[in-house]
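For this chain, numbers begin at 1 and follow the sequence in order. Given the structure is predicted, the values throughout are model-derived calculations rather than measurements.
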Amino acid sequence: PTATVVNAAGTTFGYRRAFYVDSTNAVLEGFTGQGGSIGSYSIGGPGLWFGNGLVSNCIIANNIGYLGLGVYMIGGRLVDTVVRNNTCGALNSVGGGIYMSGGVAERCTAKNNANQRGTGSGLKMTGGLFTHGVIVSNVPTDNQSSGGGVAMSGGVLRNTLIAWNGASGMSSGGGANLSGGIIESCTMVTNRASTGGGVTVSGGRVTNTVVAFNAATSQVDIAGLTTNCFYSCSPDLPGGVNGNIAASPLFQNRPAGDFRLAQGSAGINLGVKQAWMPGALDLAGERRLCGPVDMGAYESDVEVGTMITVR
């Protein structure tokens, strides 16, 4: 996609868009869309407005707006696409990288996006399915934003890594701010906020998810309704309630960004099997079901059981 670039050549508060895709048979593949600019709180997607069809193997970058600063998505299928370095045009911007109310985003990355005094620097979800993705290094530009990585009021966020998002001064939910919808089989680590460095929960449900090693001045990993968390692993959860584990996991190599569970870690074989898992892969491309389910976005390659030695 780096070889074929569509530059909308917009200016701040202008009305230029790189791509508009809204047909069942439409296919956009292998392009970079940049330079879009839309100065409206009601018109989104200066990089890509997406209603139907397939967008695959694209880069949506360096666009500016107020709503869905990179991608505004109400339907269609977004695959293997990177949404990065999109920025806000004014206060109260929503969805620094992607605004999603419908459709499916699969194996996509939202990184290095920013908004100001808004919600969802990386991803804002009101519906749809975002699965097997990476949401990293999205940072608001002020201290009144929420949902550094993700802000959700609906939809399903599945099998995704959410890391290095937020800022120490932002209000809440460095990794995610969840008021509705479902977060399942995700790993939330090394995010930052004033409260709820990992996730702030006021509604919705968190299932089969690892939330640890985040930073905040209060309620470091999880703030809000821990009663809405099930079969998950975090020091901020009440252990033994709803299948939760009150512990920090052990990762293969946390400083290097390898967040697969290591031998002896809490969460191995203690997750919950879900309907989508048979035949599915984890975030590293390994089988999601190779025995009892692990918590988080990755299946451990460590077999936990009894060793029998025959002499």
Side-chain angles (χ1 to χ4, degrees), residues 91-96 113-125 135-153 157 160-184 186-251 254-255 257 259 265-267 295-297:
L91 301 178
N92 304 313
S93 53
V94 178
N113 301 288
N115 61 358
Q116 184 176 6
R117 201 174 296 178
T119 58
S121 296
L123 168 67
K124 168 65 176 179
M125 288 189 75
I135 301 171
V136 295
S137 302
N138 300 283
V139 179
T141 60
D142 73 307
N143 61 4
Q144 298 184 46
S145 295
S146 63
V150 185
M152 289 183 67
S153 58
L157 179 64
T160 290
L161 173 66
I162 304 161
W164 303 295
N165 301 288
S168 57
M170 68 173 288
S171 60
S172 63
N177 192 304
L178 179 67
S179 60
I182 299 170
I183 294 175
E184 60 185 15
C186 291
T187 297
M188 296 189 194
V189 288
T190 61
N191 303 285
R192 296 178 297 159
S194 293
T195 184
V199 59
T200 296
V201 183
S202 60
R205 186 170 79 246
V206 178
T207 301
N208 211 62
T209 290
V210 171
V211 188
F213 300 106
N214 300 284
T217 53
S218 66
Q219 297 173 294
V220 173
D221 289 304
I222 301 177
L225 302 176
T226 57
T227 52
N228 290 32
C229 301
F230 303 86
Y231 294 94
S232 293
C233 177
S234 175
D236 283 348
L237 288 172
V241 178
N242 294 335
N244 295 317
I245 300 173
S248 294
L250 300 174
F251 293 122
R254 181 162 60 98
F259 299 116
S265 175
M295 296 177 179

statement: Quick note, side chain to side chain donor-acceptor pair (under 3.5 Å) partners involving residues 186-197, not counting sequence neighbours, are Trp164-Thr190, Asn165-Asn191, Asn191-Asn214, Thr195-Ser218, Thr195-Gln219
query: Looking only at heavy atoms, what is the nearest atom pair of Ala193 and Gly173, with distance?
result: CB-N, 3.9 Å
query: What's the verdict on side chain to side chain contact (heavy atoms under 4.5 Å, CB included) for Ser146 and Thr200, showing C-alpha distance, side-chain angles and the deciding distance?
result: CA-CA 9 Å; Ser146 63; Thr200 296; over 6 Å; no
task: Not counting sequence neighbours, which residues clear side chain to side chain contact (heavy atoms under 4.5 Å, CB included) with Asn228? List them please.
output: Val201, Leu225
task: Identify the two heavy atoms, one from Lys124 and one from Ser153, that lie closest to each other, and give their separation to 0.1 Å.
output: NZ-OG, 4.0 Å
message: Using 0.5 Å steps for rounding, measure from the CD1 atom of Ile182 to the CG atom of Asn208.
response: 12.5 Å
- request: State which residues pass side-chain hydrogen bond (donor to acceptor under 3.5 Å, both in side chains) with Asn177; sequence neighbours excluded, sorted by chain then number.
  value: Ser172
message: When you compare the side chains of Asn115 and Ser121, does any donor N or O come within less than 3.5 Å of an acceptor on the partner?
response: yes
task: With rounding to the nearest 0.5 Å, note down the distance linking CG in Asp236 to CG in Asp221.
output: 5.0 Å
field: side chain to side chain contact (heavy atoms under 4.5 Å, CB included) between Thr226 and Asn244, intermediate numbers included
entry: CA-CA 10 Å; Thr226 57; Asn244 295 317; over 6 Å; no
query: Can you name the side chain to side chain contact (heavy atoms under 4.5 Å, CB included) partners of Ala266, sequence neighbours left out?
result: Cys233, Ile245, Ala247
query: Which value, rounded to the nearest 0.5 Å, describes the distance between Thr209 atom OG1 and Leu178 atom CG?
result: 10.0 Å
- prompt: Mind checking what makes side chain to side chain contact (heavy atoms under 4.5 Å, CB included) contact with Ala176, not counting sequence neighbours?
  reply: Val150, Ile183, Met188, Val199
message: Suppose we screen for side chain to side chain contact (heavy atoms under 4.5 Å, CB included). Which residues come up paired with Phe213, at least two apart in sequence or across chains?
response: Ser248, Pro249, Phe251, Arg254
